[in-house]
Amino acid sequence: MLFSESLKKNTDFRNVYENGRSYADKYLVMYVLENNKGINRLGISASKKVGNSVVRHRFARLVRESYRLHENIFNSGLDIVVVARKSAASVGFFEIESALLHLSKLHRIIKIYFYDEES
RNA sequence: UAAGUAGAAUAAAUGAUCGCGGCUGCACAGACGAAAGGGUGCAGACGAGGAAAGUCCGGGCUCCACAGGGCAGGAUGCCGGAUAACAUCCGGUGGAGGCGACUCCAAGGCCAGUGCAACAGAAAUAAUACCGCCCCGGCGAUUGUAACGCGAUAUGCUCGGAGGAUUGCAAAGCAAUCCUCUGGAGUUUUGCGAAGCAAUACUCCGGGGUAAGGGUGGAAUGGCAGUGUAAGAGACUACCGCCGUCACGGUAACGGGACGGGCUGUGUAAACCCCAUCCGGAGCAAGACCAAAUAGAGAGCAAUGACCGGCCCGGUCCGCUUUCAGGUAGGUCGCUGGAGGGUCCCGGCAACGGGACUCCUAGAUAGAUGAUCAUUCACGACAUAACCCGGCUUAUCGUUCUGCUUACCAG
RNA sequence: GCUGGAAUAGCGCAGUCGGUAGCGCAACUGAUUCGUAAUCAGUAGGUCGAGGGUUCGAGUCCCUUUUCCAGCU
């Protein structure tokens with residue numbers, strides 16, 4: 001991905017959970033925290049309760065693909081953590097994509113002109 | 001054709017666009033980092049499974065421990081073979097199921113010892129008699145007989161008693177005869193009771209014999225038939241079973257046979273245990289290498305600062321440089337060419353082994369396979385490698401093929 | 001990825017060595033009280049997580065499986 005890398009450390013995840021803001025809908029929970037680094041860092045989390053290995057990997061791929069296709073409209077300098085809810089186990093790409101964009105609008109982290117154009 | 005049985009293969013397909021991982025080649029930058037190491041772009045081929053799962057066994061590999069032996073602990077458990085090894089596989093034996101093809105079996109030893117067997121049952125393993133059967137004795141009962149006792153007893157007889165008459169004797173009175181009355185005694189007949197005696201297929205009590213039968217139980221002293229007996233019993237006999245010995249076939253498990261023993265309780269070892277065989281522990285987050293940091297040791301610099309001290313020497317601490325050791329963050333290796341796959345030949349019933357040719361097919365490290373569009377169909381199950389193999393177990397939408405069995409039909 | 005442990009009544013827990021599974025709280029009924037609580041007396045409630053096996057008999061022994069918890073970084 002051009003402007004982003006992945007969030008790796010357990011301490012980074014803890015930091016976002018404790019200090020970031022969160023919104024949630026039916027499929028996802030999204031935490032956001034500014035990191036002042038000029039790039040976005042995306043973390044994806046799915047617990048064992050969501051499903052088996054196949055389900056969890058598929059969820060991660062769908063979120064990563066959704067983010068990749070809309071990477072250029074996101075603001076920079078953010079740590080984003082996306083957590084799966086149990087209902088996300090059985091849905092397809094478009095549901096995940098619309099859920100991700102919806103939560104991003106609530107966080108107001110999508111660039112303004114694009115936000116205005118879409119709404 | 002239908003039903004079944006054993007085994008094998010496969011695990012949606014094709015194209016376009018965007019995206020991911022390492023590899024190879026080329027190009028770029030020498031901009032990141034103290035170092036080890038690494039970056040960017042383009043192109044190419046490659047990129048999860050039959051179970052990758054559960055982590056239930058076994059082995060390789062790595063580190064630690066270890067003279068040798070034993071104990072403890074664990075595992076396996078009919079026999080033979082295969083294998084690196086196994087709880088796996090192959091072939092056989094025995095048993096169970098099925099008409100059959102075929103399937104299933106933790107299948108050594110309770111004749112080494114110990115333990116347990118609730119309830120029920122007479123009794124659960126050292127002895128026992130609840131019912132039943134048999135023998136002996138006793139009380140009673142029943143039946144028969146019956147001494148005897150009580151009552152009745154027609155006609156009649158005998159004896160007796162009362163009254164009367166006649167006769168005889170002198171009379172009182174006595175005797176005889178006859179008549180009437182009398183059932184008092186006996187006889188006869190009969191009713192009831194009854195000691196004793198005898199019999200019994202009866203009841204109870206006591207003593208003894210008996211394990212055939214009944215009932216309880218998962219299990220009851222080998223089974224069944226006969227002889228035998230008071231009744232019974234392997235007490236005896238035949239057949240079957242069991243145990244032992246012998247020879248025969250088989251490498252063996254075992255098999256069929258001969259002879260003998262008359263037979264000694266049963267179940268449980270996925271109860272302790274005995275016997276035989278095997279096993280050291282931990283696991284790639286193993287482990288090896290490079291190495292900021294932070295503790296540590298030595299050397300040097302400055303001969304200054306602080307402390308011990310009145311002062312010097314000396315000692316301690318702090319500062320800087322450097323070397324060594326150490327190993328955190330981080331990085332590299334381990335890492336995938338292997339007990340590897342395919343075809344053919346040879347040995348072996350087979351598992352498997354040997355040989356020749358041929359193929360190379362993931363290696364990530366927060367962890368790569370996805371998204372969209374189009375077409376087709378049976379509309380897509382279970383499920384994602386994490387050091388590697390051999391198995392087992394469990395999950396699973398379907399499709400295809402092969403061998404065999406049974407039934408029916410046709411030729 | 002690796003290694004341990006647990007599951008028993010609505011809840012928290014016992015249950016040795018196989019023999020018809022109990023304790024406390026809660027629930028229900030009755031008594032007590034003007035009524036409630038407390039107290040007293042009584043009652044019901046369990047296929048011992050699931051499936052299979054060994055055994056005459058399994059909560060307990062063996063195998064498979066499901067869920068949950070903990071540790072190793």
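Just so we're on the same page: letters track the sequence lines, and every chain starts at 1. Treat the numbers as computed from the prediction; the structure is a model and nothing was measured.
- Comparing C18(B) with A45(B), their P atoms are spaced 15 Å from each other, to the whole Å.
- Summarising the geometry, the separation between CD1 on I44(A) and P on G367(B) is reported as 8 Å, rounded to the nearest angstrom.
- Judged by Watson-Crick or G-U wobble contacts below 3.5 Å, the nucleotide G19(C) has C56(C) as its partner.
- Distance H57(A) NE2 to A52(B) C1': 12 Å, rounded to the nearest Å.
- Within the shown strands, nothing qualifies as a pairing partner of C318(B) under the Watson-Crick or G-U definition with both distances less than 3.5 Å.
- When both pairing distances are held under 3.5 Å, C150(B) makes a Watson-Crick or G-U pair with G191(B).
- Rounded to whole Å, the P atom of G50(B) lies 8 Å from the corresponding atom of U10(B).
- A donor and an acceptor atom sit less than 3.5 Å apart, one in the side chain of R61(A) and one in the base of U384(B).
- Classification of A48(B) as syn follows from a glycosidic angle within 90° of 0.
- Although no hydrogens or angles enter the test, the distance criterion places no donor-acceptor pair under 3.5 Å between the side chain of H102(A) and the main chain of S98(A).
- In this entry C401(B) has G7(B) as its Watson-Crick or G-U wobble partner, both defining distances falling under 3.5 Å.
- Anti is the classification of U60(C), since its glycosidic angle lies more than 90° from 0.
- Shown here, G234(B) is classed syn by the O4'-C1'-N9-C4 or O4'-C1'-N1-C2 angle, which is within 90° of 0.
- When each of F93(A) and A60(A) is assigned the nucleotide of RNA chain B with its nearest heavy atom, A60(A) is the one assigned upstream, toward the 5' end.
- The distance from atom CZ of F59(A) to atom P of U369(B) is 15 Å, rounded to the nearest whole Å.
- In this model, the phosphate group of A371(B) is approached by a side-chain N or O of R58(A) to a distance below 4.0 Å at OP1 or OP2.
- Remark: C379(B) base-pairs with no nucleotide in the shown strands. Criterion, Watson-Crick or G-U wobble with two distances under 3.5 Å.
- Contact annotation for L62(A): backbone-only contact, meaning every heavy-atom pair under 4.0 Å involves sugar-phosphate atoms and none involves a base.
- Summarising the geometry, the separation between NE2 on H70(A) and C1' on A371(B) is reported as 11 Å, rounded to the nearest angstrom.
- Counting only heavy atoms from C-beta on, R64(A) has its side chain closest to G367(B) among G19(B), G367(B), A383(B).
- When the C1' atom is compared between U33(C) and U47(C), the two are found 44 Å apart, to the nearest whole Å.
- Taking all atoms of both residues into account, the shortest heavy-atom contact from A46(A) to R56(A) is O-CD, 3.5 Å.
- Distance noted for atom C1' between G330(B) and U73(C): 16 Å (whole Å).
- When all heavy atoms are compared, the tightest approach of V16(A) to L33(A) is CA-CD2, 4.1 Å.
- Note: L100(A) CG to R64(A) CZ = 13.0 Å, rounded to the nearest 0.5 Å.
- Rounding to whole angstrom units, CG of residue L69(A) and C1' of C373(B) are separated by 14 Å.
- Taking atom C1' in both C61(B) and A36(B), the straight-line distance is 27 Å, to the nearest Å.
- Of all heavy-atom pairs spanning D25(A) and L103(A), the tightest one is N-CD2, 4.0 Å.
- When all heavy atoms are compared, the tightest approach of S104(A) to M30(A) is OG-CE, 3.7 Å.
- Checking G22(B) for Watson-Crick or G-U wobble geometry (two distances, each under 3.5 Å) identifies no partner in any strand.
- Distance, R41(A) CZ to A366(B) C1': 13 Å, rounded to whole Å.
- Nucleotide G207(B) carries an anti base; the chi torsion (O4'-C1'-N9-C4 or O4'-C1'-N1-C2) is more than 90° from 0.
- The gap from the P atom of A385(B) to that of U14(B) amounts to 25 Å, rounded to the nearest Å.
- A side chain to side chain contact (heavy atoms under 4.5 Å, CB included) with L42(A) is found for one member of V81(A), V82(A), D79(A) and no other, namely V82(A).
- The residue F94(A) sits close only to the backbone: its heavy atoms come under 4.0 Å of sugar-phosphate atoms, none of a base.
- Judged by Watson-Crick or G-U wobble contacts below 3.5 Å, the nucleotide A52(B) has no partner.
- For G19(B), its base never sits under 3.5 Å from the side chain of E65(A) at any donor and acceptor pair.
- For the P atom pair drawn from A286(B) and A329(B), the interatomic distance equals 12 Å after rounding to whole Å.
- Nucleotide G19(B) holds its P atom 16 Å from the OH atom of Y67(A), rounded to whole Å.
- In this pair, Y67(A) and F74(A) present their aromatic rings tilted. The plane angle is within the 30 to 60° band.
- C379(B) and C397(B): their C1' atoms are spaced 11 Å apart (whole Å).
- Across all strands shown, A175(B) pairs with U167(B); the Watson-Crick or G-U wobble distances both stay below 3.5 Å.
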